[in-house]
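Heads up: the structure comes next, in structure tokens.
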Amino acid sequence: MWGSCGAAAGIMAPRIDAGALAQPPAKPSSLTITNVETFPLRHRMKRAMGVSTALSDVRPCLLVKISTDSGLVGWGETIDVGGTRAVIETKHKPALLGKNPLEHRKLWRTLWGPSFGDGRAVGAVDIALHDLRGKALGQSIAEMYGGRLRDKVLAYASAMNYTDGVRPEDQFPPEAADLVQRGYKALKTRSGRFELRRELVVVTKIRETVGGEIRLLTDGNGAFTLPDAVKFGKELEKLDFYCFEEPLPQGLNYAGYDVLAESLDICLAGGEGLDSRITARDHIVKRSFDMIQPDLVLCGGVGEVLFIAEMARLWSVQCVPHCWSGAIGIAATLQVLSLLPDATFGFTSDQPMLEHDLLENPFRDELTAKPFQIDRQGCVAVPTGPGLGIEVNEEVVKKYLVRD
């Protein structure tokens with residue numbers, strides 16, 4: 001029911017002109033970065049909602065815009081935690097001004113140095129540079145990496161968030177039924193806010209409501225102890241849940257996840273808090289997760305997630321990037337997802353999925369003229385335009401801008 005969203009693209013070997021190989025490589029065309037701007041955005045939601053460990057009625061976002069002397073601009077997205085915006089303004093901006101954005105390898109190396117490896121700051125700037133370079137070259141990000149393997153990606157609805165004053169037993173099952181009616185073939189719920197017995201009742205009701213053909217995931221958001229995570233995970237196995245995401249406290253060390261993974265048969269997912277390929281490697285090697293979830297806006301951007309995905313494949317670890325962003329982060333994630341191969345060469349192999357966050361978010365719904373929507377197969381189309389493939393409405397940016 002939630003099968004393939006598109007066949008892999010075939011590969012045809014081109015004829016090579018031997019004379020062309022003897023020519024020196026062309027230098028990047030003249031293009032100069034003239035400005036790097038940051039835009040902190042904030043939206044007040046109708047009511048407090050959230051995960052097992054926190055509720056909030058505020059939705060924040062930090063956008064980055066890189067401008068050039070040609071008039072082309074690139075957009076990136078991240079979250080401002082612990083001075084992310086200051087790093088971009090005081091470290092990345094001076095390093096980028098006057099540089100050619102097409103010389104990406106040079107700039108990429110520069111970004112990681114002065115910021116002391118701040119994956120959130122690098123992530124936003126890297127996405128903006130990819131967007132800008134794609135527009136300059138007339139190619140989508142996926143085309144710059146060799147072309148898409150799929151045109152659309154299965155989306156799982158990241159929904160069923162705890163709501164202030166509402167019982168999850170009353171909210172989650174009917175919400176799940178509505179999501180299925182809307183076309184979703186995969187759903188993610190939250191777990192861990194209440195005692196295990198009560199949470200088990202909730203996930204059981206969800207499964208009974210949607211039936212056995214819908215792929216179900218749940219996210220503990222760090223609310224479980226190791227013994228409780230083992231108990232709850234075994235119950236999720238009985239309910240045929242697809243994966244159990246980040247039940248233990250997170251942080252870069254993800255302590256205990258390797259032990260939990262060995263204790264459960266259900267797929268253990270995690271890694272949204274990883275800040276680079278370096279921390280990702282440690283957890284891939286020690287098998288902390290069956291499914292690793294680097295987030296483009298948090299761990300260094302497009303190239304870093306692609307590197308992590310290929311590294312994970314060497315240890316037979318699936319890579320399904322985390323995505324809890326606005327339209328810019330979603331567009332960047334879709335470009336990467338279009339490049340990731342299926343888990344195996346099998347005819348029914350799992351394909352990478354898009355986390356489609358449905359919590360109230362104008363940066364997802366208003367920032368572009370055409371918000372991302374699922375089709376009848378529960379999939380989202382990969383943008384085909386240059387760079388990210390979207391155009392940002394700067395009037396919306398002004399509308400939600402936090403004034404200093």
Side-chain angles (χ1 to χ4, degrees), residues 31-46 56-94 96-97 101 111 118-136 140-141 295-298 301-302 323-335 355-373 380 383 385-404:
L31 198 62
T32 302
I33 294 173
T34 56
N35 203 3
V36 178
E37 302 170 87
T38 56
F39 301 91
L41 309 183
R42 183 179 297 128
H43 167 65
R44 183 75 64 177
M45 299 192 298
K46 297 180 180 67
S56 176
D57 64 352
V58 175
R59 187 86 191 217
C61 177
L62 180 65
L63 302 186
V64 173
K65 177 185 177 183
I66 300 179
S67 303
T68 65
D69 57 350
S70 72
L72 290 176
V73 302
W75 287 92
E77 178 180 354
T78 188
I79 58 173
D80 189 2
V81 178
T84 305
R85 185 186 181 195
V87 170
I88 296 170
E89 290 281 0
T90 64
K91 300 298 181 183
H92 293 325
K93 182 175 181 176
L96 292 174
L97 290 177
L111 294 177
D118 187 321
R120 293 183 296 272
V122 174
V125 175
D126 177 82
I127 292 170
L129 287 171
H130 272 83
D131 186 33
L132 179 55
R133 185 159 58 107
K135 290 173 180 174
S140 69
I141 291 173
D295 190 313
L296 273 76
V297 309
L298 304 179
V302 174
C323 182
W324 203 75
S325 302
I328 294 171
I330 294 172
T333 302
L334 281 168
Q335 295 290 336
E355 179 174 14
H356 200 198
D357 162 45
L358 297 181
L359 195 64
E360 186 179 333
N361 185 2
F363 318 132
R364 176 195 63 229
D365 299 332
E366 300 177 25
L367 202 60
T368 61
K370 295 181 179 180
F372 295 102
Q373 302 289 340
V380 175
L388 291 170
I390 62 172
E391 290 297 328
V392 172
N393 185 339
E394 296 199 39
E395 292 303 314
V396 175
V397 175
K398 294 177 184 177
K399 176 181 176 181
Y400 293 100
L401 184 64
V402 178
R403 307 294 176 180
D404 292 330

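Index from 1, following the sequence.
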Q: Assess whether side-chain contact (heavy atoms from CB on, under 4.5 Å) is satisfied between H92 and V87, documenting all intermediate values.
A: CA-CA 7 Å; H92 293 325; V87 170; 4.0 Å; yes

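Side chains of W324 and L359 form a contact here, defined as non-hydrogen atoms less than 4.5 Å apart. In this structure the side chain of C323 reaches within 4.5 angstrom of the side chain of I330, judged on heavy atoms. Side-chain contact between L63 and L367 is present, with at least one heavy-atom pair separated by less than 4.5 Å. The shortest side-chain heavy-atom distance between P101 and T68 falls under the 4.5 Å cut-off.
For D357, the salt bridge (charged side-chain N to carboxylate O under 4.0 Å, His left out) partners two or more places apart in sequence, or in a different chain, are R59, R364. Applying the salt bridge (charged side-chain N to carboxylate O under 4.0 Å, His left out) rule to D57 yields the partners R44; only residues at least two apart in sequence or on another chain are considered. For S325, there are no side chain to side chain donor-acceptor pair (under 3.5 Å) partners at least two apart in sequence or on another chain.
Closest of all the heavy-atom pairs between I390 and A331 is CD1-CB, 3.9 Å.
Atoms CG and CD1, from D131 and I141 in turn, are 6.0 Å apart once rounded to the nearest 0.5 Å.
Legend: ring-ring contact (aromatic ring centres under 6.0 Å, His included) pairs involving residues 385-404, not counting sequence neighbours, sorted by first then second residue: H43-Y400, F363-Y400. Among residue pairs with one or both ends in residues 391-401, those qualifying as salt bridge (Lys or Arg N to Asp or Glu O under 4.0 Å) are K65-E394, E366-K399, E395-K398; sequence neighbours excluded.
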Do any side-chain atoms of residues 33-40 form donor-acceptor pairs under 3.5 angstrom with protein atoms, and if so which ones, sequence neighbours left out?
from, atom 1, to, atom 2, distance (Å)
T34, OG1, S67, O, 3.4
T38, OG1, R85, NE, 2.9
T38, OG1, E89, OE2, 2.5

